[in-house]
Amino acid sequence: MLGDGLLLFLTAMAQEDVALLTAAYFILERGMPPVVAWSAVYAGALLGNIVIYGVGAAAHRWRWTERWHVGERVARVRERLAHHWIPTLLLCRLTPGLLWPTLLGCGWLGIPLARFVIVNAMAAAVYLAVALTLILLLGASVIPRLTGQ
């Protein structure tokens with residue numbers, strides 16, 4: 001089970017949704033406790049999100065990105081994100097393809113790390129718990145029909 005938990009952790013660092021599907025498989029087919037599966041996915045997702053934030057924060061300091069630092073559009077995005085970054089961070093989890101750019105943007109635009117971690121931790125906890133529950137409910141009802149049991 002330790003190997004399965006490590007696999008979930010590493011998968012969640014790269015792609016949370018794949019890790020959720022894998023966690024559901026481990027729970028339904030291998031008997032992994034749901035709390036263990038969710039915890040491994042949560043820890044991996046949280047660490048992965050912080051790494052993506054860090055890449056955005058580091059990219060802000062790279063010389064070749066200076067051309068994107070100034071300008072009216074960037075200033076508007078920075079202002080908007082500064083006022084609405086919590087709903088943005090919550091909603092980006094529900095919109096496919098927006099999580100990584102939003103996390104990078106939070107780091108690049110200078111959202112404080114401590115505030116980012118707190119809000120991201122809460123958003124990830126809720127999203128991952130709800131998503132895993134829905135996947136488990138769907139899987140528990142679909143798998144027996146597919147296998148004829």
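Note that the coordinates shown come from a computational prediction; the quantities given were computed from them, not determined experimentally. The first residue in the sequence is number 1, and the count goes up from there.
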* Nearest 0.5 Å please: distance from the CH2 atom of W100 over to the OG1 atom of T102. => 13.0 Å

* Asked: With a 3.5 Å cut-off and no angle check, do the side chains of R115 and N120 form a donor-acceptor pair?
  -> no

* Quick one: pull up OH in Y127 and CG in L90 and give me the separation to the nearest 0.5 Å. => 13.0 Å

* L136 pairs by side-chain contact (heavy atoms from CB on, under 4.5 Å) with which of L134, T133, L132? -> L132

* To do: Please examine the side chains of R93 and L98, heavy atoms only from C-beta on, and report whether any two atoms are closer than 4.5 Å.
  => no

* **Backbone N/O of A121 and side chain of Y42: donor-acceptor pair under 3.5 Å** => yes

* Structure fact -> Between the CG atom in L91 and the NE2 atom in H84, the distance rounded to the nearest 0.5 Å is 12.0 Å

* Asked: With side chains defined as the heavy atoms from C-beta onward, is the minimum distance between L99 and N49 less than 4.5 Å?
  -> yes

* To do: Indicate the atoms forming the closest heavy-atom contact of I111 with F116, along with that distance.
  => CG2-CB, 4.3 Å

* To do: Might you point out which heavy atoms bring A37 and A23 nearest each other, and give the distance in Å?
  => CB-CB, 4.0 Å

* **Distance-minimising heavy-atom pair for A40 and L8** => CB-CB, 3.9 Å

* **Test item: L7 and F26 side chains (from C-beta on) under 4.5 Å apart, heavy atoms** => yes

* Asked: Can you name the nearest heavy-atom pair linking A45 to L128, along with the distance?
  -> CB-CD1, 4.0 Å

